[in-house]
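Comments concern the structure below.
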2 protein chains.
Amino acid sequence: MTFPLHLAISEQLRDRILDGSYRSGDRLPSEHQIMAEFAVSRITARRAISNLTQQGLVTVQKGKGVFVATQQKVTYSISSPLTFLEADIALQGVTVTVQTLVFESVTVPIEVAAILKCSIAYLQKKVLLFNGIPGCVDVTYILPELGKAYEAELREQMTFTTLERHGMTIDKLDATIECTQADYETSEQLEVTLGHPLIVYRHTAYTDDRGAIVHGESISRGDRFCYSVSIDRNRSRDLSSIGTKNRVKDSELLESLY
Amino acid sequence: MTFPLHLAISEQLRDRILDGSYRSGDRLPSEHQIMAEFAVSRITARRAISNLTQQGLVTVQKGKGVFVATQQKVTYSISSPLTFLEADIALQGVTVTVQTLVFESVTVPIEVAAILKCSIAYLQKKVLLFNGIPGCVDVTYILPELGKAYEAELREQMTFTTLERHGMTIDKLDATIECTQADYETSEQLEVTLGHPLIVYRHTAYTDDRGAIVHGESISRGDRFCYSVSIDRNRSRDLSSIGTKNRVKDSELLESLY
DNA sequence: TTTGCTAGCTTGTTATAACAAGTCTAATTT
DNA sequence: AAATTAGACTTGTTATAACAAGCTAGCAAA
C-alpha cells in the first residue's frame, strides 16, 4: 500500500493551485522542470500532470505547456420559461451561434415515436458555439409541421427561441440530466480530450394543445456548463435567484472562454 | 496528424463492446493478449485500455483483468414532492443507507449565512450507500432548531425523508446540477479512480413560513446516478412519466450495483 | 477434508530512450 | 523593414525493461 510517486507529486501541485501559488491561467512547471524538481522520470512527471488533467484542474497545450484551468461555468436555466433561451445565456455575456449539421425529415426511432406520437419528424443535429467556441452538441426531433414551418429559423437559433417567438409556450417539460465521458467522435466535435466530462440534458417539451412537440438531447462540455432548476409550488413562474451562484460575470467570461 | 496506435486499438475494442462482441461484465483481452494481437508494446496496450476507462466503458481490477462496465443508472427525482426521497429510490429496487460522518453545530460560511439567514446551523456530512455501496457524498446545512430537534433521525435517513415525516413540506427549491471529476479525497470516499466523473447537486429548500431551511451539496458517482426534473405549469404535482427512461428495472439493479 | 503455500496469471509503478510535432523567439536572409 | 529560417523550447507517441502487488487455482502438508 505504498503511495504512488505520481500521486504524491500531483497532490503537491494540486495544493499549489488551490492555495493560489499557481493562479488561473498560469503555466505549471514543464515536464523537464518536474523531472528536475522531484527527481523522477518523465513517465512519472507526465503521470502527475495527467492526474491533474483528469481532475479538471489543468489543461495541456502541445508545444506550449500546462495551464491552470478556469472554473467558471455558463448556466442553462430550465426553470421558469420552462426552457433555456439565447436571451438567458446572453445575460451571462455569452453569445450563442448555431451550426446546423443535419436538418431533415426522418422516420423516428420507436422510443421517440412513442413520445412524439408520430412516426415522421424533423431531425436536427447542431453544434452550439459559445463566443465562437463549440460547447454543445444537440440532437432534436421536432413535430413535422413545426419543423417544416420554421426550418429557416430553427437552423439559425436555439429551438425554443424559435418556438417562443411564434407564440408556442411550453406548458410541461420532462428532463433528465446525467453525465458521461467523451467518446472519440464527440471529443472531436467539442474539441476536448477523450473521456472529457460531459453533461447530458435529455428533454421532452409539451404544449397543452399539441402534447409533446420536441424531444432531444444536448451534450455539453461538463467543465463549462451547468443547469439550474427552480421549482416553486406557489408561483409557477419565478426568475429570481436562479443560477446566480454559478453565473459568469460579464468581465470574466471573455477570458473564461478564451 | 497521424492517428495514434493506442487510439486505433481502443476504438477497435470499443466497437467490439458496442456491437456486443464483449458483453456487460465480460473480460477484455489482457495487456499481454493485446500486445500479441496488435503487436504493440505494453505501454500502448495500457494506453488503449486507459482510453476505454476514460470513456467509462470498462473498469479495471488489479490482479483480475479489464471488464465491460454496466451502464444502468439510479434516478434522483427532483420534480414533484420537490425533493428526492428514499421511497422514490426504493421504487428502483435500491436500498439507501446513511453513514453520517459529521453532525455538529457550526458557524456557517458567509455564502450559506446569506441563504439560510442565520450564522449558526447544523452541518451534516454523510456518505450514502446504495445497496451497501458508497454512491454519494453529501454536505448539508440545516436550520439549528430543525437539526437539534431531529438529529437522531437525520443521522440515519436522507434529509427530506425526515423533514417530510414531520410535516415540513418543501414549497420552493433552487438547485444547480453540474459535473466535476473526483479529487483524491472524494475518489477514496466513493471508491472510484482519480478523475472519475461526478454529478453535483447543489440545492436550497424553502418553506413558505420559515424561508430557506436546508442548503447543501450532494456529490454522486456520475456513472451510477442521474437526475430527473418534471415541470408542469398547470399541475404543480405530477409524478407521471418522471425518469422512466433511465429507471432501472428491479431485476437488473442488483447486478448493476454488483 | 481442510489448510496453507506456491506458481502463474493479472494490473500497477517507475526508469531510460528515441523520435515526432507544435510553439516561440531570435538570427538570418530577402 | 519584412519575410524566412533555425534552434530551443514545449508536449505527444512508442519501445524495452524490471519489479511490486493483487488474484486464483492447484498442489502439498497437516
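Residue numbers start from 1 in every chain, and the chains themselves are labelled A, B, ... in the order their sequence lines are given, proteins ahead of strands.
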- request: Send over the distance from A/Ile9 CD1 to C/dT14 P, rounded to a whole Å.
  value: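 These atoms are roughly 8 Å apart.
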task: Grab the CG-P distance between A/Leu5 and D/dA20 for me, whole Å please.
output: 15 Å
- prompt: Can you pull the salt bridge (charged side-chain N to carboxylate O under 4.0 Å, His left out) pairs that have at least one residue in residues 21-37 of chain B, sequence neighbours excluded?
  reply: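 The answer is B/Arg16-B/Glu37, B/Glu31-B/Arg42, B/Glu31-B/Arg46.
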- prompt: Using a cut-off of less than 4.0 Å, is there contact between a side-chain N or O of B/Lys64 and OP1 or OP2 of C/dC9?
  reply: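 So the side-chain polar atoms of B/Lys64 never come under 4.0 Å of the phosphate oxygens OP1 or OP2 of C/dC9.
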- prompt: To 10°, what angle do the rotation axes through the five end pairs on each side of the helix from C/dT1-D/dA30 to C/dT30-D/dA1 form?
  reply: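 About 10°, once rounded to a multiple of 10°.
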When the side chains of residues 185-192 of chain B are checked against the rest of the protein, which donor-acceptor pairs come out under 3.5 Å, sequence neighbours left out?
unit_1	atom_1	unit_2	atom_2	d
B/Thr186	OG1	B/Asp183	OD1	2.7
B/Ser187	OG	B/Asp183	O	3.4
B/Ser187	OG	B/Tyr184	O	2.6

- request: Could you tell me whether a side-chain N or O of B/Lys126 sits under 3.5 Å from a main-chain N or O of B/Cys136, the two making a donor and an acceptor?
  value: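 No, the answer is negative, given that no donor and acceptor are paired below the 3.5 Å cut-off.
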- prompt: Judged by modelled atom types alone, do A/Gln124 and A/Thr100 share a side-chain donor-acceptor pair under 3.5 Å?
  reply: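 Yes, a side-chain donor-acceptor pair sits under 3.5 Å.
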message: Would you say A/Ser218 and A/Tyr76 are linked by a side-chain donor-acceptor pair, where the criterion is simply a distance under 3.5 Å?
response: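 The answer is no; no qualifying pair exists.
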Would you tabulate the side-chain donor-acceptor contacts of residues 4-12 of chain A under 3.5 Å, counting partners in other chains and residues two or more places apart, or write 'none'?
unit_1	atom_1	unit_2	atom_2	d
A/His6	ND1	A/Asn51	ND2	3.0
A/Ser10	OG	A/His6	O	3.2
A/Ser10	OG	A/Leu7	O	3.1
A/Ser10	OG	A/Asn51	ND2	3.2

field: Positions of residues 29-47 of chain A (non-hydrogen atom under 4.0 Å from DNA chain D), listed by number
entry: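 Per residue number, the list reads A/Ser30, A/Glu31, A/Arg42, A/Arg46.
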query: When the nearest nucleotide of DNA chain C is assigned to A/Gly63 and to A/Leu7 on a heavy-atom basis, which residue is associated with the more 5' position?
result: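 In this pair, the answer is A/Leu7.
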message: Assuming nearest nucleotide by heavy-atom distance, tell me which of B/Arg27 and A/Lys62 is located more 5' along DNA chain C.
response: B/Arg27
task: Using a heavy-atom cut-off of under 4.0 Å over every strand shown, decide if B/Ile49 touches base, sugar-phosphate, or nothing.
output: nothing
message: Under the rule for ring pair (Phe, Tyr, Trp, His ring centres under 6.0 Å), what residues qualify as partners of A/Tyr141, not counting sequence neighbours?
response: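 Counting only residues at least two positions away or on another chain, A/Tyr141 forms no ring pair (Phe, Tyr, Trp, His ring centres under 6.0 Å).
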query: Taking side chain as C-beta onward, heavy atoms only, is B/Leu52 less than 4.5 Å from B/Leu28?
result: yes
